[in-house]
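The structure appears below as structure tokens.
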Amino acid sequence: WVFLIENDNQYNENNNTEIRRNNVYQILFDSGFDGIVKQMRYYHYKNIRKIVLPENTTIIKSSCFEGSGLTDINIPNSVTTIEKSAFENCTNLNNVHIDFENSKLQEIQEKAFFNSGISIIELPDNLVIKKDAFRNCNQLKHVLLHDNVTIEDNAFTDGNNECVYVFNIYEKDETIE
């Protein structure tokens, strides 16, 4: 089940209650969620500010939050793929939280965060960042990268020229006894 919060009323997405996308400001997923946020499901929900994705989320599908009013999102450790345009044109999206040490994220596809408002992001090891994934993110000032990150052409172009790419920012403590 997915619950939509509209004007302090909670609705089940699966019932027949008419919900106007411009009135929805929060989305909650319950434990029965199948792990895949559907393609274009919350496309242009302008007043959404908060979405709590459950820990069993594995894929954030194409354009599912495109053009929404999201300001902050935690990407659960279980997510392996953020598909193309998932957060495209989310200009209010300032914070994307990824637990880089425990994340299973393997791929950020084309235009996943295109033209979003992200200012800083830390990405995990063993990741592929596809072309245009962070293109036109004019607020993006710091990108913190770890080992084995593949960056395709134009992944970070046309944004703020002060982007900083840092590799191996955390060295693992290797103590031999």
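What you are looking at is a predicted structure, and each value in this text was computed from that prediction instead of being measured.
Of all heavy-atom pairs between Val149 and Pro124, the closest is CG2-O, 3.6 Å. Shortest non-hydrogen contact noted between Lys61 and Ala86 is O-CB, 3.8 Å. When all heavy atoms of Ser85 and Glu66 are compared, the pair lying nearest together is O-CB, 3.6 Å. Here the shortest heavy-atom pairing between Pro76 and Pro54 reads CG-O, 3.4 Å.
Checked by atom type and distance alone, the side chain of Glu83 pairs as donor or acceptor with a backbone atom of Ser62 at under 3.5 Å. Glu152 places no side-chain N or O within donor-acceptor distance of the main-chain N or O of Lys130, the cut-off being under 3.5 Å. Using modelled atom types, one side-chain atom of Thr80 and one backbone atom of Thr58 make a donor-acceptor pair closer than 3.5 Å.
Annotation: side chain of Thr57 is not in contact with side chain of Ile59 (no heavy-atom distance under 4.5 Å). In this structure the side chain of Leu93 never reaches within 4.5 angstrom of the side chain of Thr91, judged on heavy atoms. Side-chain contact check for Leu105 versus Leu127: some heavy-atom pair is nearer than 4.5 Å. In this structure, Asn95 and Ile73 have side chains that are not in contact, with every pair of non-hydrogen atoms separated by 4.5 Å or more. At a threshold of 4.5 Å between non-hydrogen side-chain atoms, the residues Ile151 and Phe156 count as touching. With contacts defined as side-chain heavy-atom distances shorter than 4.5 Å, the pair Leu123/Ile98 qualifies.
Side-chain polar atoms of Glu122 and His142 form no donor-acceptor pair below 3.5 angstrom. A donor-acceptor contact closer than 3.5 angstrom links the side chains of Asp72 and His97.
Rounding to the nearest 0.5 Å places CD of Glu107 at 11.5 Å from NZ of Lys84. Atom OG1 in Thr157 sits 11.0 Å away from atom NZ in Lys131 (nearest 0.5 Å). Between atom CG of residue Asn77 and atom CZ of residue Phe100 there is a gap of 11.5 Å, rounded to the nearest 0.5 Å. Note that OG of Ser103 is 9.5 Å distant from CG of Asp125, once rounded to the nearest 0.5 Å. Separation of atoms CD1 (Ile60) and CD1 (Ile108) is listed at 9.5 Å; rounding is to 0.5 Å. One distance of note links CD of Glu88 with CD of Glu110; it measures 11.5 Å at 0.5 Å rounding.
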Compile the donor-acceptor pairs under 3.5 Å between side chains in residues 114-121 and protein atoms, sequence neighbours left out, one pair per line.
| from | atom 1 | to | atom 2 | distance (Å) |
| --- | --- | --- | --- | --- |
| Asn115 | ND2 | Asn89 | OD1 | 2.8 |
| Ser116 | OG | Phe113 | O | 3.0 |

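Remark: Thr71 engages Arg49, Asn92 in a side-chain contact (heavy atoms from CB on, under 4.5 Å) (not counting sequence neighbours).
Note on Leu70 and Ile75: same hydrophobic cluster, where clusters join Ile, Leu, Val, Met, Phe, Trp and Tyr whose side-chain heavy atoms are under 4.5 Å apart, directly or indirectly.
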